[in-house]
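Letters A, B, ... are given to chains in the order of the sequence lines, protein chains preceding strands, and every chain is numbered from 1.
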Protein chains: 2
Amino acid sequence: MAKSYNEVGASTYQRIKRDIIFGDLAPGSKLKLDGLRQRYSASMSTLRETLNRLASEGFVEAQDQRGFFVTPVSREDLIEIANLRVLLECHALRLSVEKGDTDWEGNLVAAHHKLHLMEQKMMSGDDSRKEDWKRYDWEFHKAMIQACGSRNLLSLHAVLYDKYLRYQMLVLTYRGDEAVNEHRRMFEAALDRDVARASQELQTHIEKGLEHTLAAF
Amino acid sequence: MAKSYNEVGASTYQRIKRDIIFGDLAPGSKLKLDGLRQRYSASMSTLRETLNRLASEGFVEAQDQRGFFVTPVSREDLIEIANLRVLLECHALRLSVEKGDTDWEGNLVAAHHKLHLMEQKMMSGDDSRKEDWKRYDWEFHKAMIQACGSRNLLSLHAVLYDKYLRYQMLVLTYRGDEAVNEHRRMFEAALDRDVARASQELQTHIEKGLEHTLAAF
DNA sequence: TATGAAATAATATCGGATAATACTGTATCT
DNA sequence: AGATACAGTATTATCCGATATTATTTCATA
């Protein structure tokens, strides 16, 4: 199980990745090794290892002999990410709804329940825990596609989700009960084993989110 | 432009990745730092950086406190990779055929021509240059989807292609003129701007290749 | 102001030192 | 004999300092 971002004892990899996704390290900003060394109290060797990992995942850009930069953001990139999420996540969802067994269904019900509770807290104005909320959102989306049967697909999706998440955190606006209803409809379609409807609801969910994020970008 | 594998002055990253893909570093084998240090005449720091990069791309597995291993192979993994290639590459091809301009078409014609020449050499029994042949195959497939308009999609595809390539190199058998005809039909459909036919031909091409590779695995 | 050389800063790579962990082989006990 | 405990070895992970290469900035001169 992957560790969450704000856990105690998080590795410098997890901490830097978190800071990029949540905007504490601004897009395009230079990642000076000496500065990072103090901020994360790690040695240069360790830092270069994690920066290389983040570079190959696309959160950091490495320019030869000029060091590392936080990957810049752009509307085009956001649109690409969203489109890829539709392609991969809808595909995974179709497989998952077809193959999912009782365990999958149970975990999905639990994940949706926890997400729904958190969504109601957010709706009532308590937006102090965006990170927690987004963790439940992630757990829900992951639970939906968990039974797709392809580890490769799941790990590609995890990276895409995080890239998309960075854009959502940058604009920092809450979409309200629209998204809540989309989650519910998607969830119900999955439990009904209605592959086409579930996939369609997911696509709508992502595309609505994209529009909302683009508008504020 | 990414450097090819066997170029002079290749980085240790490129050399290790090449050795994994072409089987010189066997699947599942342990990557002892001291051994690698001699083999690639690089320092431990540099090696750990490249191994971290390769780990996040999926060519290497990192086990905490136990070092690095070449990612193992399995039938299931091969099938997953092939299915993902179908999903991503066919999607990219549809976009590319729709959007491709004159430059795209020109580069595609050139890439197909070079691939075809090499295929004829291979057909006449000269299989001494598998790496070159596969480079032309890569250049052709890349040229096909180049106009898809999504950098993210292209870079995901590049990793998938290399993972699939490793399996092909492991079984080391040549599929003969079947693949040649598939390439030609795919190419012609793209020039005709027949999106559906091109995508269908590509899917068939990958799935035939999968069957062939699975049979020898 | 523009140019170019010198000074400064930052990166990339290397080798070594140390601590923590994993592995191996031996001896002991049941 | 087989399992367990322990000591010794090997390997990894992290950190630090040194050096060479490359970027960037400063500044003197035309």
Side-chain angles (χ1 to χ4, degrees), chain A residues 1-20 24-72 155, chain B residues 1-20 24-72 155:
Chain A
M1 177 61 61
K3 285 189 182 172
S4 70
Y5 300 119
N6 45 4
E7 201 164 319
V8 291
S11 64
T12 70
Y13 166 77
Q14 288 158 339
R15 293 202 294 149
I16 295 180
K17 185 169 173 180
R18 194 218 77 91
D19 287 349
I20 291 176
D24 295 341
L25 292 170
S29 62
K30 183 150 192 356
L31 296 168
K32 289 196 185 172
L33 290 172
D34 210 47
L36 297 182
R37 216 166 52 79
Q38 297 179 24
R39 175 166 183 166
Y40 299 98
S41 50
S43 75
M44 216 186 69
S45 325
T46 307
L47 277 173
R48 290 187 58 86
E49 286 179 26
T50 73
L51 290 178
N52 272 288
R53 276 177 71 181
L54 291 169
S56 85
E57 287 177 31
F59 295 101
V60 160
E61 282 186 359
Q63 291 184 27
D64 198 59
Q65 299 291 352
R66 300 199 345 151
F68 298 91
F69 301 80
V70 178
T71 302
S155 79
Chain B
M1 178 60 59
K3 285 189 183 173
S4 71
Y5 299 118
N6 45 4
E7 200 164 321
V8 292
S11 65
T12 71
Y13 166 77
Q14 289 158 338
R15 292 203 293 148
I16 294 180
K17 186 169 172 180
R18 194 218 76 92
D19 286 349
I20 291 175
D24 295 341
L25 292 170
S29 62
K30 184 152 194 347
L31 295 168
K32 290 196 185 173
L33 291 173
D34 210 46
L36 296 182
R37 216 167 50 79
Q38 296 180 24
R39 176 166 182 166
Y40 298 99
S41 50
S43 76
M44 217 186 68
S45 327
T46 308
L47 278 173
R48 289 187 59 86
E49 286 179 27
T50 73
L51 290 178
N52 271 289
R53 278 177 70 181
L54 291 169
S56 85
E57 288 178 29
F59 295 101
V60 159
E61 283 185 359
Q63 293 184 26
D64 198 59
Q65 299 292 352
R66 300 198 354 162
F68 298 92
F69 301 80
V70 178
T71 301
S155 79

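- Here the C1' atom of nucleotide C/dT11 and the CZ atom of A/Phe69 are 11 Å apart, to the nearest Å.
- At the phosphate of D/dT24, neither OP1 nor OP2 sits under 4.0 Å from any side-chain N or O atom of A/Lys32.
- Of the candidates A/Thr50, A/Thr46, A/Asp19, A/Tyr40 forms a side-chain hydrogen bond (donor to acceptor under 3.5 Å, both in side chains) with just one, namely A/Asp19.
- The distance from atom CG of A/Leu47 to atom P of D/dC16 is 11 Å, rounded to the nearest whole Å.
- Computed from coordinates, the A/Arg48 CZ to C/dA12 C1' distance equals 6 Å when rounded to whole Å.
- To the nearest 0.5 Å, the span separating CZ on A/Arg37 from OG1 on A/Thr12 amounts to 13.5 Å.
- For the pair A/Arg66 and C/dA12, the criterion of a side-chain N or O lying under 4.0 Å from OP1 or OP2 is not met.
- The two residues A/Pro72 and A/Pro27 come nearest to each other via the heavy atoms CA-CB, 4.2 Å.
- Each of B/Leu31 and B/Ser45 has a nearest nucleotide on DNA chain D; the 5'-most of these lies closest to B/Leu31.
- Rounded to whole Å, atom P of D/dT11 lies 18 Å from atom CG of B/Asp64.
- Between the CD atom of A/Gln63 and the C1' atom of D/dA23 there is a distance of 12 Å, given to the nearest Å.
- For A/Lys30, taking side-chain heavy atoms from C-beta onward, the closest of the listed nucleotides D/dC15, C/dT11, C/dA12 is C/dT11.
- Atom-to-atom, CZ of A/Phe68 to C1' of D/dT22 comes out at 15 Å; the value is rounded to the nearest Å.
- Between the CG atom of B/Leu51 and the C1' atom of D/dT12 there is a distance of 12 Å, given to the nearest Å.
- Of the possible donor and acceptor atoms, none in the side chain of A/Ser56 sits under 3.5 Å from a partner among the backbone N and O of B/Ser56.
- Residue-environment remark: NZ (B/Lys30) exceeds the threshold of 12 foreign heavy atoms within 6.0 Å.
- Put simply, CD on A/Gln65 is 19 Å from P on D/dT19, counting in whole angstrom units.
- The side chain of B/Arg37 sits closest to C/dG15 out of C/dA12, D/dC15, C/dG15.
- Among the protein residues, A/Thr46 comes within range of the sugar-phosphate backbone only, with heavy atoms under 4.0 Å from sugar or phosphate atoms but none that close to a base.
- Mapped onto DNA chain C by nearest heavy atom, B/Glu49 and B/Met44 fall at different nucleotides, with B/Glu49 at the one closer to the 5' end.
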